[in-house]
Amino acid sequence: MNKNSKTTKKSSKHRSKVHPFNRPKRNHANININNNGKKIVKFIENNSDADDENDDYEFVHHQNTKTELKEKANKLLSIRKTLPVYQNKNEIMKYLTENQVTVLIGETGSGKSTQIPQFLLNFFQENKIRGSIAVTQPRRVAAINLATRVASEYGCNIGSYVGYSVRFDNTTSSTTKLKYLTDGMLLRELMMNPTLKEYNTIIIDEAHERTVLTDIILGFLKSLIHKSRPDLKIIVMSATLQAEKFSQFFDNAPILFVEGRKFNVTQYYLKAPSDDIVDSVIRSCVQINQGEQMGDILCFLPGQEEIDKAVTILNKISEIIHKETSVPLMIAYPLYAALPPAKQALVFNRVKGFKRKVIFSTNIAETSVTISGVKFVVDSGLRKVKVWRHQLGLATLLTVPISKASAMQRCGRAGRESEGKCYRLYRTNDYKKLPDQTEPEIARSNVTSPVLMLKKYGVQDIINWTWFENPGKEAIIMGLQELYQLGALDDFGKITKRGEQMSLLPIQPHLSSVLIKASECNCLSEVIDIVSCLSVENLLLNPQPEERDEVNERRLSLCNSGRHYGDLIMLKELFDIYFYDLGKDVASSVERQDWCKELCISYRGFKNVVKIREQLRTYCKWLFDSNSKTFSKKIKKNSINTNIGEDKEDDFYSTPFLNKKFSEDKDKIESILKCFLTGFTKNIAIGMPDRSYRTVTTGETVSVHPSSLLFLNKACPAIMYTEYVFTTKGYARNVSRIELSWLQEIVTNGHAVVKEKVAS
DNA sequence: ACAGGGTGT
């Protein structure tokens with residue numbers, strides 16, 4: 001149909017409508033083209049208070065001319081040459097070219113993630129070796145930043161020889177030879193293209209972090225080199241330690257050590273253990289502020305509660321101390337993932353004058369967020385960890401001591417720019433007793449999704465698969481049972497058509513199953529909207545205690561149906577207001593931001609919801625539309641190589657409110673909730689006479705989480721929830737009201753789990 | 001009668 005498909009694809013990326021005469025009042029970028037044809041982005045100064053979410057950011061990649069590229073690359077070359085990896089280039093390359101698998105231990109600042117891929121790229125081009133290089137990263141920003149940096153070092157525009165691929169943003173093209181991608185993305189590619197035939201080298205970076213997805217990739221790679229890809233080169237890159245485990249897994253692959261380039265950090269320990277960690281952290285900050293040179297302080301605390309407390313206390317005492325003694329004024333900032341993005345951004349502000357920035361952070365600052373100017377680290381030695389209990393179908397959130405590796409990583413945050421100091425709020429002996437490594441995530445996770453991937457890939461014996469870390473028989477069997485119950489596996493444990501569909505959807509299996517059910521129940525469009533909201537973490541933010549009641553009141557008054565049916569229906573009502581009522585053009589973005597702020601909703605979160613919704617609508621159309629070509633053909637052509645599918649409000653989806661307004665359409669609401677019941681049959685609790693709820697699976701008591709719209713509504717016959725987390729007690733999150741008669745329907749449809757428990 | 005560590009498709 002179109003010979004011009006390449007340009008069509010490219011342009012679809014920037015499809016968003018721009019109304020030049022209706023520009024938003026604030027927070028916008030003004031893009032001019034100067035006489036070189038070079039894009040210039042000027043940021044207009046934010047004229048409002050710094051409190052709103054300035055997150056209309058997009059990654060703008062400048063298209064430079066050849067001469068500009070070359071000049072820039074030449075300038076960067078002198079810096080590259082100082083990197084330890086560059087100085088050992090020949091020896092490293094000797095190992096990499098002579099071995100199929102190499103484990104490379106490079107400390108921070110060694111330049112491994114940027115230089116090694118370039119060495120290989122040059123080597124392959126000089127030797128006319130075909131194929132491209134993939135470098136995986138656990139996080140999106142890392143993939144984007146590395147690709148951008150390497151492109152300029154290499155002297156090309158992003159997307160030509162060097163590109164990146166993360167969800168919703170793909171800058172690769174047919175000429176791309178070096179691709180930085182998230183490990184989630186590489187797994188998607190593996191599902192579509194089981195032999196990874198376009199690559200000759202796969203580099204797994206940050207392997208020491210041991211995320212579930214990295215571990216799974218390692219398992220796939222081992223199978224690949226032993227079977228269909230004996231030619232595939234693999235490099236496992238890790239920041240110190242664990243080298244032996246990687247090496248042994250890949251048949252004793254050689255290990256290379258490259259020293260890093262970082263500054264010395266002196267460690268201090270407590271003489272006596274601390275009994276109040278917030279108090280100890282504050283005391284340390286005050287002490288540093290009195291005795292040490294200028295430089296900011298980064299404090300690691302386990303969670304939001306401790307952080308908010310510490311911020312309040314420090315800000316109170318800091319001014320008093322500053323007035324009475326002539327020490328810098330300390331300014332405290334909180335940092336955790338659930339914080340609104342605009343408040344998160346404040347930790348990057350440089351404080352001017354005789355002041356010292358003090359950041360109280362969760363583990364987010366250990367790997368995901370890097371703050372410059374930090375010279376002192378205060379380490380509580382604690383973190384929070386989510387542990388999945390297979391038998392209970394419940395996650396527990398525990399505060400636990402960190403590992404030695406984690407303590408070193410936290411320490412390192414003080415030595416990025418100059419020498420630093422690290423104050424550990426535990427004794428030398430306590431440190432010695434810490435485990436060397438953090439327990440790999442897969443050992444404490446629900447593995448339903450990995451198991452589905454393996455089934456989709458055609459793995460027969462999952463228990464004895466080439467697991468890098470076997471999650472254990474119990475976990476695998478629970479995963480298989482879940483999948484069987486969701487209809488993804490048949491009586492013989494073989495993947496069903498439904499299971500294939502579930503594995504192709506970019507959401508957790510339970511939600512995939514709900515979507516498929518919805519496609520059979522004429523409420524797909526609505527369920528996609530809700531599932532999209534559920535797929536964004538921290539969409540509904542926690543209001544500050546003083547505005548909590550107000551915000552809850554506003555949410556309740558907006559969501560007429562949510563008030564009765566619960567959080568899933570509330571999400572749909574909120575989505576409809578955001579998406580349909582508030583308007584879509586650039587001019588109304590301010591209106592939408594204000595609306596989000598009033599309801600304590602993340603504006604950035606909702607923008608993500610819209611993207612996910614668009615992706616899900618496209619995928620569902622390909623999956624369920626009988627007129628459509630096969631999914632994998634479509635997705636290979638479109639999804640991997642472009643950004644988002646070509647969804648328009650087309651006739652595959654019925655117009656949502658043709659006849660009735662959603663909130664008045666009782667039948668629709670009930671069929672939506674019944675769809676969710678089929679994916680979350682285990683997450684049902686029955687109302688008891690004493691107004692508590694008991695789960696149908698184990699009879700445990702479960703409470704409605706205070707963030708739920710149903711928190712104050714005490715009289716539901718039964719509830720269904722998408723998450724069951726034990727913190728101070730067992731809490732149900734994303735709660736919906738369920739009628740007992742609906743459960744009867746599920747029972748008659750043959751869901752044994754509910755049948756037994758309801759009867760007993 | 002009152003609260004969630006961090007990633008990814």
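Side chains included, hydrogens not; waters and symmetry mates left out as well; all remaining heavy atoms used. Every chain is numbered from 1, with letters handed out A, B, ... down the list of sequences.
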Among [options], the nucleotide that comes nearest once only the side chain of [X] is considered:
X	options	answer
Lys384(A)	dC2(B), dG5(B), dG6(B)	dG5(B)
Arg188(A)	dG5(B), dA1(B), dT9(B)	dT9(B)
Pro506(A)	dT9(B), dA3(B), dG5(B)	dT9(B)
Gln304(A)	dG5(B), dT7(B), dA1(B)	dG5(B)
Lys729(A)	dG8(B), dC2(B), dA3(B)	dC2(B)
Phe711(A)	dC2(B), dT9(B), dG6(B)	dC2(B)
Arg444(A)	dG6(B), dG5(B), dA3(B)	dG5(B)
His705(A)	dG6(B), dT9(B), dA3(B)	dA3(B)

Classify the ring geometry of Phe680(A) against Phe676(A): parallel below 30°, tilted from 30° to 60°, perpendicular beyond 60°.
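The arrangement is parallel - the two ring planes meet at less than 30°.
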First of Ile507(A) and Glu306(A) reached from the 5' end of DNA chain B, by closest nucleotide:
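Looking at DNA chain B, the more 5' nearest nucleotide goes with Glu306(A).
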On DNA chain B, compare the nucleotides closest to Gly303(A) and Met453(A); which residue's is nearer the 5' end?
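The residue whose closest nucleotide sits nearer the 5' end is Gly303(A).
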Are Phe624(A) and Ile516(A) side-chain neighbours, meaning at least one heavy-atom pair lies under 4.5 Å?
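Yes, their side chains come closer than 4.5 Å.
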Non-hydrogen side-chain atoms of Leu511(A) and Leu534(A) separated by less than 4.5 Å
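With C-beta onward as the side chain, the pair touches.
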Between [X] and [N], is there a contact of a side-chain N or O with OP1 or OP2 at under 4.0 Å?
X	N	result
Ser535(A)	dT9(B)	no
Thr211(A)	dG8(B)	no
Thr362(A)	dG6(B)	yes
Arg140(A)	dT9(B)	yes

Can a donor-acceptor pair be found between the side chains of Gln615(A) and Arg167(A) at a distance below 3.5 Å?
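Short answer, yes.
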Closest approach of Ala407(A) and Tyr426(A), non-hydrogen atoms and distance?
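Heavy atoms only, the tightest pair is CB-OH, 3.7 Å.
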With a 3.5 Å cut-off and heavy atoms only, can you find an N or O donor on one side and an acceptor on the other between the side chain of Glu537(A) and the base of dG6(B)?
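For Glu537(A), whose side chain was compared with the base of dG6(B), there is no donor-acceptor pair (under 3.5 Å).
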Under 4.0 angstrom, heavy atoms only, what part of the nucleic acid is Arg139(A) near: base, sugar-phosphate, or nothing?
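Sugar-phosphate contact only - Arg139(A) comes under 4.0 Å of backbone atoms but never of a base.
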